[in-house]
J.: 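Just passing along the structure, written as structure tokens.
Residue numbering restarts at 1 for every chain, and letters A, B, ... go by the order of the sequence lines.
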Number of protein chains: 2
Amino acid sequence: MMMLEVVFTISIFVLTSSAEKLSIDGQRVVDQLTKLATFSDHQNPAVTRILFTPNDMMARSYVKELMTSAGLTIREDAMGNIFGRFEGSDATLGSVLTGSHCDAIPLAGMYDGTLGVIGAIEALAALKKAGYKPRRALEVMMFTSEEPTRFALSCVGSRAMSGALTSEYLSSKLDENGTSFLEAANAVGYGSSTYHQLLQDALVPKGKIDYFVELHIEQGPELEKESKDIGVVTAIAAPAALKVEFHGDGGHAGAQLMPLRNDAGLAGAELALAVERHTLATGSVDSVGTTGVFEIKPGAVNSVPREARLGIDIRDIDGVRRDKTVESVRASAKEIAERRNVRHTVTLVNQDPPAICNSDIQTAVAEAAKELGLSTKSMVSRAYHDSLFMARIAPTGMIFIPCKNGYSHRPDEFSSVKDIQQGVHVLALTMAALSGGSWPQDKSEL
Amino acid sequence: MMMLEVVFTISIFVLTSSAEKLSIDGQRVVDQLTKLATFSDHQNPAVTRILFTPNDMMARSYVKELMTSAGLTIREDAMGNIFGRFEGSDATLGSVLTGSHCDAIPLAGMYDGTLGVIGAIEALAALKKAGYKPRRALEVMMFTSEEPTRFALSCVGSRAMSGALTSEYLSSKLDENGTSFLEAANAVGYGSSTYHQLLQDALVPKGKIDYFVELHIEQGPELEKESKDIGVVTAIAAPAALKVEFHGDGGHAGAQLMPLRNDAGLAGAELALAVERHTLATGSVDSVGTTGVFEIKPGAVNSVPREARLGIDIRDIDGVRRDKTVESVRASAKEIAERRNVRHTVTLVNQDPPAICNSDIQTAVAEAAKELGLSTKSMVSRAYHDSLFMARIAPTGMIFIPCKNGYSHRPDEFSSVKDIQQGVHVLALTMAALSGGSWPQDKSEL
């Protein structure tokens with residue numbers, strides 16, 4: 001009887017201890033994020049940091065310094081993904097990996113992506129400092145690039161790691177100066193002699209990663225609105241993007257009579273409204289559709305448009321429903337082109353399946369939050385992240401923290417020190433739980 | 001009886017003689033147009049010649065040389081309009097003025113506007129050479145600038161001459177380098193110390209011009225399609241242009257749910273389709289409406305458009321009907337903005353009345369064509385010209401010749417030597433008829 005009690009007491013103590021023994025310094029994380037933000041092409045508060053540019057290389061050096069200070073073993077692959085490892089006791093098991101990105105679209109904020117790298121390094125550093133001993137190794141990574149700014153390809157690091165990128169496709173991507181990814185990577189000390197080797201070096205062998213967790217700002221207003229501390233992400237919406245072009249003959253706006261026209265701009269206008277109509281027709285609030293790019297030529301007020309280029313973004317939690325919307329949009333493009341007597345092309349840029357977040361990870365996140373007395377909300381990630389691709393090769397989950405007004409991709413993006421500290425703390429506890437390791441015993445209580 | 005016969009014979013002879021005595025060299029006109037085309041910012045066949053730039057100044061020197069060789073007295077006003085005059089016998093009457101422009105939008109052809117200057121100089125030279133004695137003075141002019149390329153203001157010379165331009169408005173027009181019209185004019189030897197003086201100098205006093213006639217390529221396909229030699233223009237369509245802006249809040253294409261959106265791009269798409277709808281609703285083929293400019297921001301595929309800028313062109317032969325269409329478009333912009341919860345602005349860039357061509361001029365053109373055995377077609381000018389503004393201050397008419405496929409504002413714009421010669425000949429006879437002067441008698445026939 002007494003033994004049971006003792007065991008019970010020790011267990012409770014150990015549980016409470018694990019939370020207490022972890023010392024997370026939220027202000028330090030914010031200071032580090034602020035320093036990282038200074039490596040920017042635009043003046044702060046705006047942050048612009050593009051793959052393999054000088055500011056990106058400065059940021060990488062800084063990240064590696066922080067990893068080293070945290071006592072992590074550094075490794076980089078040929079794509080430029082950077083890993084910091086805290087070795088575990090059981091080398092037969094895959095690691096618990098956490099990470100995000102540090103590159104930033106033009107005129108962005110300082111939290112998007114960076115929180116999941118800098119905060120994650122702090123999480124591992126805190127676990128190490130607390131004497132936690134991992135069973136599965138713990139790793140934090142910085143994906144080489146998540147934003148599509150330079151090569152019009154998002155999540156290039158995680159696509160490569162998950163085998164979702166072919167040499168053929170990657171080699172077709174040139175930046176605005178005509179430089180290829182391979183050239184750009186080699187120029188800064190990464191890279192390889194061929195695309196095949198580049199991708200092989202990044203590809204994650206089976207069994208190497210047992211869990212992937214990403215800490216990120218919500219980029220939406222729900223947690224703040226509902227005063228919830230932590231978002232337990234249940235799924236990541238499936239993104240798709242299309243390029244549609246319409247071509248007509250153009251003409252003089254004064255001289256070309258209406259019956260003789262085949263106005264490519266009007267065809268584009270009809271399609272943009274069709275995208276909205278098909279999206280709303282699913283009846284689900286999880287369906288979103290956007291014509292984010294709309295360009296016409298020649299673009300002179302006295303000239304009937306002879307060319308229209310549309311960039312269309314369609315997402316949904318339900319992959320099948322998302323694909324139906326894509327097909328409806330394609331069908332509309334065809335019908336409009338025929339009716340308006342214009343030529344048209346439809347190019348699928350990407351059409352990725354949704355990711356369902358692993359329930360063990362969701363449970364670990366929820367329990368970590370509970371330990372810390374934090375409120376949670378189960379929610380969908382409508383923006384996609386490297387997690388979308390990591391989910392193809394490992395059980396994946398995401399942790400959200402609130403951001404002010406839900407603003408992101410803008411200089412006034414903001415999360416508080418308190419929310420950041422709480423997010424990092426939940427991440428650390430989650431990783432510890434998934435690692436299956438052990439906390440140091442406090443002998444004074446026995 | 002015999003006397004009647006003699007008179008009859010002489011009259012017929014004189015009539016035929018006037019046509020025969022006029023020696024028009026179409027090839028010479030084409031050679032001069034070809035030489036003029038070499039004063040171009042882009043390589044021929046493309047012609048680019050922008051107001052007050054070096055190539056424009058070279059062109060002006062060439063035009064003045066031709067005027068001088070034709071025996072005309074040269075005058076220039078402060079705006080840069082250039083006149084060549086063939087004095088008449090009756091100084092109490094206004095002149096018969098003909099003219100067009102030599103400036104060219106980027107990558108244009110070599111006939112648009114220039115025909116009406118170079119060909120007109122040839123017409124006056126031929127009349128002089130034939131011994132014709134004007135009663136009303138004959139003048140040929142080159143308007144300083146018809147194209148809106150530099151200052152976003154078309155027909156600036158004819159607007160000034162007809163009093164359709166205020167100092168206030170002209171002073172607001174800056175080129176892409178921030179240079180004002182006044183500065184630019186002074187820099188090349190035109191200009192004045194104030195806008196007021198500039199415009200006063202160009203303004204045509206009452207009674208100075210009795211008729212204005214413009215020779216121009218059709219810029220449409222009808223004459224060629226119907227195998228007609230000469231277009232007798234009955235009216236010039238009334239142009240109007242509007243700028244409409246829609247402003248929403250934008251958002252992340254993945255994260256912003258559809259019910260929360262106020263997509264400025266979709267508001268723009270609806271308005272572009274409304275322009276078409278209102279235009280077709282007049283039921284008249286003479287109504288045309290075009291959304292030639294359509295730009296959205298930020299213009300990234302994963303970003304809900306937060307700004308849309310439209311440039312709308314609305315024209316009609318009937319000014320009242322045109323104005324109704326403009327009002328319908330304004331009303332649609334307001335309704336769309338309210339329904340889609342976006343802010344909007346509507347700016348009227350210009351709204352000019354149509355010009356009805358003077359019947360005496362139309363008759364003179366038709367008779368000149370008949371004399372020469374040429375076929376004619378009465379037709380509307382759907383593009384507008386300096387004639388639109390000259391019609392405010394003088395009885396005005398236009399003469400069209402065919403151009404290949406109706407192409408204009410492109411390097412492959414083309415009219416044949418034959419068509420050019422015929423057009424110049426008709427212009428010369430028309431001006432002679434309107435001048436009311438006299439041909440030399442051929443004494444050998446008496």
Side-chain angles (χ1 to χ4, degrees), chain A residues 105 148 154 218-221 237 239 241-243 251-259 261 263 265-266 268-273 275-276 279-280 285-296 298-305 308 310-315 349 381-384 406 408-409, chain B residues 105 148 154 218-221 237 239 241-243 251-261 263 265-266 268-273 275-276 279-280 285-296 298-305 308 311-315 349 381-384 406 408-409:
Chain A
I105 63 168
S154 62
E218 180 196 339
Q219 294 181 306
L242 300 138
K243 271 199 222 167
H252 190 289
Q256 193 180 52
L257 301 181
M258 303 302 281
R261 296 187 178 198
D263 185 328
L266 294 180
E270 282 200 48
L271 187 62
L273 292 165
V275 169
E276 179 186 47
T279 299
L280 293 173
V285 76
D286 289 325
S287 307
V288 286
T290 311
T291 301
V293 176
F294 194 117
E295 297 167 345
I296 62 172
V301 71
N302 60 352
S303 204
V304 177
L310 277 65
I312 297 166
D313 180 307
I314 296 169
R315 306 189 201 197
V349 177
S381 174
R382 304 191 182 282
Y384 67 89
S408 185
H409 281 187
Chain B
I105 62 169
S154 62
E218 181 197 337
Q219 295 181 305
L242 299 139
K243 272 199 221 163
H252 190 289
Q256 193 181 50
L257 300 180
M258 303 302 281
L260 298 174
R261 296 187 178 198
D263 185 327
L266 293 180
E270 283 200 48
L271 187 63
L273 291 165
V275 169
E276 179 186 48
T279 299
L280 294 173
V285 77
D286 289 326
S287 308
V288 285
T290 310
T291 302
V293 175
F294 194 117
E295 296 166 346
I296 62 172
V301 69
N302 60 353
S303 203
V304 177
I312 296 165
D313 180 307
I314 295 170
R315 306 190 200 195
V349 176
S381 173
R382 303 189 183 283
Y384 67 89
S408 184
H409 282 187

J.: Do you know which of B:Gly251, B:Ala269, B:Gly292 has the most heavy-atom pairs under 4.5 Å to chain A?
T.: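 With the most close heavy-atom pairs to chain A, the winner is B:Gly292.
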J.: Do you know which of A:Ser303, A:Ala300, A:Gly311 has the most heavy-atom pairs under 4.5 Å to chain B?
T.: A:Ala300
J.: With only heavy atoms counted, which part of A:Thr279 is less than 4.5 Å from chain B, the side chain, the backbone, both or neither?
T.: side chain
J.: Using non-hydrogen atoms only, which part of A:Pro259 is less than 4.5 Å away from chain B: side chain, backbone, both, or neither?
T.: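 For A:Pro259, the contact with chain B is made by the side chain alone.
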J.: Checking heavy atoms, do the side chain of A:Ile312, its backbone, both or neither come under 4.5 Å from chain B?
T.: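 Backbone only.
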J.: Of the backbone (N, CA, C, O) and the side chain (C-beta and beyond), which part of A:Ala272 lies under 4.5 Å from a heavy atom of chain B, both, or neither?
T.: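 It is both, since atoms from each part get that close.
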J.: As an exercise: rank B:Glu276, B:Lys243, B:Glu218, B:Gln219 by heavy-atom pairs under 4.5 Å with chain A and give me the winner.
T.: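 Ranked by heavy-atom pairs under 4.5 Å with chain A, first place is B:Glu276.
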J.: When heavy-atom pairs shorter than 4.5 Å are enumerated against chain B, which of A:Ser381, A:Gly289, A:Ser408 gives the highest number?
T.: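 Sorted descending by pairs with chain B, the first entry is A:Gly289.
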J.: So do A:Val288 and B:Arg261 actually touch side chain to side chain, heavy atoms under 4.5 Å?
T.: yes
J.: When only pairs under 4.5 Å are counted, which of B:Val285, B:Thr290, B:Asp263, B:Leu271 shares the most heavy-atom pairs with chain A?
T.: B:Thr290
J.: Would you call B:Leu273 and A:Leu273 a side-chain contact if the rule is heavy atoms closer than 4.5 Å?
T.: yes
J.: Would you give the length of the straight line joining atom CG of A:Asn302 to atom CZ of B:Arg315, rounded to the nearest 0.5 angstrom?
T.: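 If we round to the nearest 0.5 Å, A:Asn302:CG and B:Arg315:CZ are 6.0 Å apart.
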J.: As an exercise, state the distance from CZ of A:Arg382 to CD of B:Gln256, rounded to the nearest 0.5 Å.
T.: 11.5 Å
J.: Could you report the tightest heavy-atom contact between B:Val301 and A:Asp313, atom names first, then the distance?
T.: O-CB, 3.3 Å
J.: What part of A:Ser287 gets closer than 4.5 Å to chain B, counting heavy atoms only: side chain, backbone, both or neither?
T.: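 Just the backbone, heavy atoms under 4.5 Å.
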J.: Using non-hydrogen atoms only, which part of A:Glu270 is less than 4.5 Å away from chain B: side chain, backbone, both, or neither?
T.: both
J.: Chain A: which of B:Pro148, B:Ala255, B:Ala253, B:Gly299 shares the most heavy-atom pairs with it under 4.5 Å?
T.: B:Ala253
